[in-house]
Amino acid sequence: MLDLKELQNSFEQISKKLQKKGVDEKILQELKEIFIALKQKRASLEELKAIQNQKSKLFPIYIKEKKDISKLKDELEENKKKIALIQENVNEIEQKLHNKALNIPNIPDDSVPDGVSEDDNVILKEVLKKPEFDFIPKEHWDLDINQNLIDFQRGVKLAKSRFSVLKNSLATLERALYNYMIDFNTKRGFSEVSVPFIANKESLFATGQLPKFEDDLFKIEDEDLYLIPTAEVPLTNLFRDEILKEDELPIKLTSYTACFRKEAGSAGRDTRGMIRQHQFGKVELVAISKPDQSEAVFDEMVSCASDLLTSLGLAHRLVLLCGGDLGFGAAKTIDLEVWLPGQNRYREISSISNTKDFQARRAKIRYKDGKKNRLTHTLNGSSLAVGRCLIAIMENYQKEDGTFEIPQVLQKYINGTR
RNA sequence: CGGGAGAUGGCAGAGUGGUUGAAUGCACUGGUCUUGAAAACCAGCGAGGGUCACACCUCCGGGAGUUCGAAUCUCCCUCUCCCGGCCA
């Protein structure tokens, strides 16, 4: 969430930065005015409350001294009514302000390039050479020659479209990837955690999926619970409402979870194959850091994910997202795009974001900085989306006969299968 | 899912209407003492808002209510623990 005090004090700068994300200045102006009005209203409310508190304390004294309390009582009853009236007004304004503020995206970092769409993103670096083929490489669904690896039909039968079933060696490979990735991350100092795949609404508010993106989530009927769209939600919320010790930061975590997304608004996109599913496995990285650490931790996370791809022998590139393509909660994001020879293009396989104090403010994640409690920074990034990684391996390691190899590093994870 | 008990500061644990944001113990931080450490002693030590700084306001699981005044009384909700049922 936006720091409203900051908005009041440095309106020009913040407003200018948020233009990058396409936020209308009028909304910010309104927000600022409501905030100032609220502060004034609150001040007068508190004054009346102070009177009420002070004079209430006179009762026991009056009674002891056998003085008449009826006049005092009348006075305070009157004052009480005034308080109730203003209180109601204050609550109303607070609610209004809060609702509006929750819908304002994070302020982009200064390093974020201007731009409105993914076409304006900046390619930072390409890693590894794209593989060359002396035949026309196929897309992943055409590589399942005997139909014994991916079962799309039965995935639909079990749930609905955009669900699939993995079988045989591909199922094994998926499991191998989870293990390999987590081991890889652990060696880089990320501690492994296993968390619920269901989260309550407080958690989803804290990381910013709610209230704005409810339509993208699978909600559990009659409960305030949702299937998680990413492990970022449970991992970050681990520390919600907590005050951490300075010397335990940065906290770096990795976890495998299934992720569930409605993909509302993606109708017609990637309908074929496993690129865009309602459920997919992902190994996630999350870090909680002090503000002055987050830049370095961010770089660490980017190299962790990139090195992981490199270790799998997958050509990829690092893309710095422009303001218009930046997610709601992110101050800065680097996407990793893997080369898919069958599609003949790069596709996003990982996305690493620094949300700075945006989530921390919503989630009240603080640390004790000497005497003061300060907000932490939070960062998240896919180590890799496992489903897309499977596709990448299939397509990049394919042979002319439609079979494909398994990267060296995964051999020991597949128990000699194949 | 049925029956019972409970929810107070980092933890433990007092407090049942009145100057209580909260005793006490532990933990923690600073100091004295010590060659150093421990012990002992002294001091500090919840959170959010507000202010240049004070003042002041809010918070004793969450919400609503009674009252001049609520951690304490009433109602609703949630969660935890124990007993039973069911079940990975």
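Sequence lines set the chain letters: A, B, ... in the order given, protein chains first and strands last, and positions in each chain run from 1. What you are looking at is a predicted structure, and each value in this text was computed from that prediction instead of being measured.
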Is the phosphate of [N], meaning OP1 or OP2, less than 4.0 Å from a side-chain N or O of [X]?
X	N	value
A/Lys73	B/C68	yes
A/Lys368	B/A47	yes
A/Asn53	B/G69	no
A/Lys5	B/G50	yes

Donor-acceptor contact present, side-chain A/Arg388 to main-chain A/Ile275, <3.5 Å: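 The answer is yes, because a donor-acceptor pair under 3.5 Å joins these two groups.
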Exam field: side chain A/Glu263 to backbone A/Arg276, donor-acceptor pair closer than 3.5 Å: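 Looks like no, no N/O pair under 3.5 Å.
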A/Glu242: salt bridge (Lys or Arg N to Asp or Glu O under 4.0 Å) partners, not counting sequence neighbours: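 Salt bridge (Lys or Arg N to Asp or Glu O under 4.0 Å) check on A/Glu242 returns nothing, list empty.
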Pairing residues for A/Arg362 by the salt bridge (Lys or Arg N to Asp or Glu O under 4.0 Å) criterion, not counting sequence neighbours: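 Counting only residues at least two positions away or on another chain, A/Arg362 forms no salt bridge (Lys or Arg N to Asp or Glu O under 4.0 Å).
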Grab the two heavy atoms, one from [X] and one from [Y], that are nearest each other, plus how far apart they are.
X	Y	answer
A/Asn185	A/Cys304	OD1-SG, 3.3 Å
A/Ala315	A/Tyr346	O-CE2, 4.4 Å
A/Ser289	A/Pro250	CB-CB, 3.9 Å

Taking atom [atom1] in both [N] and [M], compute the distance separating them and give it to the nearest angstrom.
N	M	atom1	result
B/G31	B/G18	P	42 Å
B/A43	B/A5	P	43 Å
B/U20	B/C60	C1'	11 Å

Those residues of residues 33-47 of chain A lying under 4.0 Å from RNA chain B by at least one heavy atom: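 Output list: A/Lys39, A/Arg42, A/Glu46.
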Positions of residues 76-98 of chain A (non-hydrogen atom under 4.0 Å from RNA chain B), listed by number: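 Under 4.0 Å from RNA chain B: A/Leu76, A/Glu77, A/Lys80.
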Comparing A/Leu72 and A/Lys57 on RNA chain B - which has the more 5′ nearest nucleotide: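 Between the two, 5'-proximity favours A/Lys57.
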Test of ring centre spacing under 6.0 Å for A/His278 and A/Phe218: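 Ring centres of A/Phe218 and A/His278 closer than 6.0 Å.
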Whether A/Phe328 and A/Phe213 hold their rings parallel, tilted or perpendicular, with breakpoints at 30° and 60°: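 Ring orientation of A/Phe328 relative to A/Phe213: perpendicular.
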What's touching nucleotides 8-11 of chain B from the protein side, N or O pairs under 3.5 Å?
none

Touch class at under 4.0 angstrom, heavy-atom based, for A/Lys245 against every strand present: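 Result for A/Lys245 = nothing.
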Under 4.0 Å protein heavy-atom contacts per nucleotide of nucleotides 74-79 of chain B, with B for base, S for backbone only and - for none: ------
